[in-house]
Amino acid sequence: MIKRTLVKHALKAKEPSDAIRIEGWVRTRRDAKAFSFVEINDGTSLTNLQVIIDNTVPGYEEHIPQATTGAAIRVLGKLTRSQGKSEGWEVLAESFEIVGHADASYPLQKKGHSAEFLREIAHLRPRSNLFGCVFRVRSRLAQAVHHFFQQRDFVYIHTPIITASDCEGAGELFRVTTIDPSKPPIKEGLIDYSRDFFEKPSYLTVSGQLAAEVFACSMSNVYTFGPTFRAENSNTSRHASEFWMIEPEMAFCDLNEDMDVAEEFVKSLIADILENCPEEMAFFYKFVDKGLTDRLKWVLDRPFERVSYEEAIDILLKSGQTFDYPVEYGLNMQSEHERYLTEKHFKCPVTVYNYPKTIKPFYMRANDDGKTVAAMDVLVPGIGEIVGGSQREERLDVLEQHFEHHQLSKEDYWWYLDLRRFGTVPHSGFGMGFERMLMFVTGVSNIRDVIPFARTPGNAEF
RNA sequence: UCCAGAGUAGCUCAAUGGUAGAGCAAUCGGCUGUUAACCGAUCGGUUGUUGGUUCGAGUCCAACCUCUGGAGCCA
């Protein structure tokens, strides 16, 4: 048999072909008196390929009724210019075969479905236009992440998924254990984790940052990109229990350079998708979010505004706005505050830096003012915080003080402290939620719709 | 976890406390180089669950379940 041609390639053909083999799933069929139109989609493009099957094709009478929406089909024929109103390519079938049937209970129709309904059939939703687009863009966005860092000589580090260290402040952990919950080993009234698989309590990672610091302090510029897990009981459209995070870590790098990289990174991802996924972006613009293109171009074209936390609080206090949550130096900024800054006040992405040390984790570098740390958050319109990062505390004595303030055990982090004992160096990094970025780029408003099989509290179906 | 809203046919939604309906899908037929085709017919329901009020409940009340939006936590 001749080699298979993917639909996306057939649609972009430069010249006709006498022999082509197309395989995919039937989206819809329209029967005429002497022939049928069958729209085939194989997931490689949003646009379907139209196939014309004449009633003189062998097996037409018997098999064409089985070419129902959802059925898998193979067609051999000729690729020709469309004779219909729309320009482009179509296939004149010389033979066809129903590879896999789909009966009338196939839940996807040629009409549009709500995202909520499609979520319930997560195993079939990639066959829909919306989710085909989402997951093609997801793939491309992952590629763009690697491209950005590889181009800049960053080394990709696979940090562990199972870990015994809690990256403090990053949320609740999932425990990893082989202990039989019905008969756990007990010592002095407590579960004896020294008899567990790793001989100590262990968890699914909430961040690869600490491990990335190890590699930054030896390989200069590194990044991690992998799954992370949070056992928070968060029921929102922006949180999942399992999500992917991108965490670059750079040696000999201060907070300003960190902010520069974060800004370039966000812009680079947007530019990549606009350039490489035009068909998908047009779909999102048309059916998901009318403001999408403008918002992305807005972010792409403007330098990000930079303000200190103190200035940001000042702006909020002087805004004359009434907020549901109090604005006060020393308190965390709420979603409504972040949104005001980026959407109303500056009307562009904003990087807020130098947060009070009391609201930030132990590893962030203390500033000379004695009250703030070198932390930064990038805020974008519509979504809020998309990047969070900091310069890390590289001074051993200061870091040890932080451990005491945060009541953390220095013994547990001996290796992390060792980095400050041997050739310590100023270094910085940040984290970006991959799905958050994907939501920003596609306009899709629920994180469950940008993950193939979303894990959220109470839901691990599929 | 908190606040608000919703749950009716496969899907999207109607239905004043009084006979549960439409469009789409599906099935059958017709028509057509059609293209989210069109025309006609047919099929399709334990109104989320359990209890309560009432002569009578999809509708009112209570509890629970599920989903959605927002908030908190955060990425």
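Protein chains get the first letters and strands the later ones, always in sequence-line order, with residue 1 at the start of each.
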What integer number of Å spans the [atom1] atoms of [N] and [M]?
N: rU42(B); M: rC24(B); atom1: P; value: 14 Å
N: rG56(B); M: rC3(B); atom1: C1'; value: 36 Å
N: rG7(B); M: rG45(B); atom1: C1'; value: 15 Å
N: rA14(B); M: rC39(B); atom1: C1'; value: 25 Å
N: rC31(B); M: rG40(B); atom1: P; value: 15 Å
N: rA9(B); M: rG58(B); atom1: P; value: 14 Å
N: rU32(B); M: rU47(B); atom1: C1'; value: 40 Å
N: rC28(B); M: rG21(B); atom1: C1'; value: 23 Å

Could you pull out all residues at least two apart from [X] that satisfy side chain to side chain donor-acceptor pair (under 3.5 Å)?
X: Glu311(A); value: Ser308(A)
X: Asp258(A); value: none
X: Thr236(A); value: His239(A)
X: Tyr223(A); value: His146(A), Gln150(A)

Determine whether the aromatic ring centres of residues [Y] and [X] are separated by less than 6.0 angstrom.
X: Tyr203(A); Y: Phe229(A); value: no
X: Tyr309(A); Y: Tyr329(A); value: yes
X: Phe434(A); Y: Phe225(A); value: yes
X: Phe403(A); Y: Phe362(A); value: yes

Identified side chain to side chain contact (heavy atoms under 4.5 Å, CB included) partner of Leu141(A) from the options Asp272(A), Val450(A), Leu269(A), Ile270(A):
Leu269(A)
Return the nearest nucleotide to the side chain of Lys33(A); candidates are rG33(B), rU68(B), rU32(B).
rU32(B)
From Glu279(A) atom CD to Lys8(A) atom NZ, the distance as rounded to the nearest 0.5 Å
9.5 Å
Rounding to a whole Å, what distance do you find between [X]:[atom1] and [N]:[atom2]?
X: Ile53(A); N: rG33(B); atom1: CD1; atom2: P; value: 17 Å
X: Arg29(A); N: rU32(B); atom1: CZ; atom2: P; value: 17 Å
X: Asp103(A); N: rG10(B); atom1: CG; atom2: C1'; value: 12 Å
X: Leu379(A); N: rC74(B); atom1: CG; atom2: C1'; value: 14 Å
X: Phe243(A); N: rC73(B); atom1: CZ; atom2: P; value: 16 Å
X: Asp449(A); N: rC67(B); atom1: CG; atom2: P; value: 14 Å
X: Ile383(A); N: rC74(B); atom1: CD1; atom2: C1'; value: 13 Å
X: Leu49(A); N: rU35(B); atom1: CG; atom2: P; value: 18 Å

Going by distance alone, is a donor N or O of one side chain under 3.5 Å from an acceptor N or O of the other, for [X] and [Y]?
X: Gln334(A); Y: His337(A); answer: no
X: Thr351(A); Y: Glu263(A); answer: no
X: Gln50(A); Y: Arg27(A); answer: no

Expected list for residues 323-339 of chain A near RNA chain B, using heavy atoms below 4.0 Å, is Tyr325(A), Gln334(A), Ser335(A), Arg339(A)
Which pairs, with at least one residue in residues 26-50 of chain A and sequence neighbours excluded, count as a ring-ring contact (aromatic ring centres under 6.0 Å, His included)?
Phe35(A)-Phe37(A)
Output one line per pair: protein atom, nucleotide atom from nucleotides 1-5 of chain B, and distance, for all N/O pairs under 3.5 Å.
residue	atom	partner	partner atom	Å
rU1(B)	OP1	Asn233(A)	ND2	2.7
rU1(B)	O4	Asn235(A)	N	3.3
rU1(B)	O4	Asn235(A)	ND2	3.2

For nucleotides 12-14 of chain B, give me every protein contact, N/O to N/O, under 3.5 Å, one pair per line with atom names.
residue	atom	partner	partner atom	Å
rU12(B)	OP1	Ser114(A)	OG	3.0

Comparing Glu90(A) and Arg119(A) on RNA chain B - which has the more 5′ nearest nucleotide:
Glu90(A)
Identify, between Ser237(A) and Pro457(A), the residue whose nearest nucleotide on RNA chain B lies closer to the 5' end.
Pro457(A)
Is there a side-chain polar atom (N or O) of [X] under 4.0 Å from OP1 or OP2 of [N]?
X: Thr28(A); N: rU35(B); result: no
X: Arg30(A); N: rU35(B); result: no
X: Arg238(A); N: rA71(B); result: yes

In which ranges does RNA chain B form stems of 3 or more consecutive Watson-Crick or G-U pairs, distances under 3.5 Å?
B:1-7 with B:65-71, B:10-13 with B:21-24, B:26-30 with B:38-42, B:48-52 with B:60-64
Could you check whether Lys290(A) makes a cation-pi contact with Phe284(A), meaning its NZ or CZ is under 6.0 Å from the centre of the six-membered ring and within 45° of the ring axis?
no
Arg152(A) to Phe148(A), cation-pi by 6.0 Å centre distance and 45° axis angle
yes
With sequence neighbours left out, what residues match Phe174(A) under ring-ring contact (aromatic ring centres under 6.0 Å, His included)?
none
Filtered N/O pairs between nucleotides 23-26 of chain B and protein, under 3.5 Å:
none

Scan the side chains in residues 378-391 of chain A for donor-acceptor partners under 3.5 Å anywhere in the protein, sequence neighbours excluded, and list what turns up.
residue	atom	partner	partner atom	Å
Ser390(A)	OG	Arg392(A)	NH1	2.6
Gln391(A)	OE1	Leu255(A)	N	3.1

